[in-house]
Amino acid sequence: MQDAPIPVIADNDSARRAAVTVDTYLRTLMIPDPDGARRFIAPGLRIRFTGGRAMNDPAECAAFNATRYAWVKKRFERIEVVCGATDDEAIVYNLGTLHGAWPDGTPFEGNRYVDRYIVRHGLIAEMQVWNDSAEWLLDRAEVERP
């Protein structure tokens with residue numbers, strides 16, 4: 001897991017608090033500890049995962065990742081909070097790369113991702129996840145095709 005602090009771009013204290021919520025949530029989820037991650041989510045959490053998959057619980061993210069990767073972790077590059085965040089609502093982006101291994105054990109790194117969170121009253125209410133994995137899988141399929 002990544003322990004070093006990462007750059008946070010935030011223009012006020014509410015924004016910094018929202019960034020800490022997202023950072024702590026992701027670090028907990030990557031252990032993986034979906035039960036611990038639930039401490040940071042609002043009732044009715046809405047997750048839209050890669051490919052438009054709708055989910056409602058951090059455990060669903062981990063279960064999906066278990067079908068796509070032998071293992072996967074995030075390397076955080078930075079957190080950006082949209083200007084004007086309040087304790088009522090903040091929009092937070094976590095950007096970085098994925099590293100891990102595909103189901104056949106082939107390692108990978110440098111797979112870009114962007115996560116977008118809406119933090120309301122200190123809890124994550126919405127989460128959207130994008131990354132390059134689908135493109136990388138298509139490229140692997142091209143190479144493996146006879």
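Note that the structure is a prediction, hence the values are computed from the model and not measured.
Nearest heavy-atom pair across T97 and E77 is CG2-OE2, 3.5 Å. When all heavy atoms of A85 and S14 are compared, the pair lying nearest together is O-CB, 3.7 Å. P34 and L29 get closest at one heavy-atom pair: CA-CD1, 4.2 Å. Nearest heavy-atom pair, A19 versus V81, reported as atom, atom and distance to 0.1 Å: CB-CG2, 4.0 Å. When every heavy atom of R39 is checked against every heavy atom of L123, the shortest pair comes out as O-CD2, 3.6 Å.
Side-chain contact annotation: D33 with T28, donor-acceptor N/O pair under 3.5 Å absent. In summary, the side chains of N131 and T50 do not present any donor paired with an acceptor at a separation below 3.5 Å, with no hydrogens or angles considered. Looking only at atom types and distance, the side chain of D115 has a donor-acceptor partner in the side chain of Y117 under 3.5 Å away.
Within the 4.5 Å cutoff, the side chain of R75 has heavy atoms near those of the E109 side chain. A 4.5 Å side-chain heavy-atom check between R38 and D57 finds at least one atom pair inside the cut-off. Two residues are said to be in side-chain contact when any heavy atoms from C-beta on lie closer than 4.5 Å; C61 and V129 fail this criterion.
With hydrogens and angles disregarded, no donor-acceptor distance shorter than 3.5 Å links the side chain of N94 to the backbone of D23. When atom types are taken as modelled, the side chain of D11 and the backbone of G84 share a donor-acceptor pair closer than 3.5 angstrom. The main-chain N or O of L45 is found under 3.5 Å from a side-chain atom of N56 such that the two form a donor-acceptor pair. For N111 (side chain) and D132 (main-chain N/O), a donor-acceptor pair under 3.5 Å exists by modelled atom type.
Under the 4.5 Å side-chain heavy-atom criterion for grouping Ile, Leu, Val, Met, Phe, Trp and Tyr, V92 is connected to F49 within one hydrophobic cluster. Taken together through direct or relayed side-chain contacts under 4.5 Å among Ile, Leu, Val, Met, Phe, Trp and Tyr, V114 and L26 form parts of separate hydrophobic clusters. When hydrophobic clusters are built by joining Ile, Leu, Val, Met, Phe, Trp and Tyr residues whose side-chain heavy atoms come closer than 4.5 Å, directly or via intermediates, F40 is grouped together with M55. In the hydrophobic clustering of this structure, V20 does not group with L95; members are Ile, Leu, Val, Met, Phe, Trp, Tyr whose side-chain heavy atoms approach within less than 4.5 Å, directly or through other members. A chain of hydrophobic side-chain contacts below 4.5 Å, direct or via other Ile, Leu, Val, Met, Phe, Trp or Tyr residues, connects Y113 to F64.
Residues passing the ring pair (Phe, Tyr, Trp, His ring centres under 6.0 Å) test with F108 are Y69, W102, sequence neighbours excluded. Remark: H99 pairs with W71 by the ring pair (Phe, Tyr, Trp, His ring centres under 6.0 Å) rule, at least two apart or across chains.
A salt bridge is defined here as a Lys NZ or Arg NE, NH1 or NH2 lying under 4.0 Å from an Asp or Glu carboxylate O, and E126 with R120 meets this definition.
Counting heavy atoms of neighbouring residues, nucleotides and ligands inside a 6.0 Å radius, atom CZ of R112 does not exceed 12 of them. More than 12 non-hydrogen atoms from other residues, nucleotides or ligands lie less than 6.0 angstrom from CZ of R68.
If you take CG on L138 and OG on S133, they are separated by 11.0 Å, rounding to the nearest 0.5 Å. Atom-to-atom distance recorded for R17:CZ and T86:OG1 is 10.0 Å, nearest 0.5 angstrom. Within the model, atoms CZ of R48 and CE of M127 stand 13.0 Å from one another, a figure rounded to the nearest 0.5 Å. The line from CD1 of I118 to CD1 of I124 is 11.0 Å long, rounded to the nearest 0.5 Å. Distance check, rounded to the nearest 0.5 Å: CE of M30 to OH of Y25 gives 11.5 Å. To the nearest 0.5 Å, the span separating OG1 on T21 from NE2 on H121 amounts to 13.0 Å.
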Evaluate the side chain to side chain contact (heavy atoms under 4.5 Å, CB included) criterion for residues Y93 and V22: first the C-alpha distance (whole Å), next the side-chain angles of each, then the deciding distance (0.1 Å), finally the verdict. CA-CA 9 Å; Y93 289 88; V22 168; over 6 Å; no
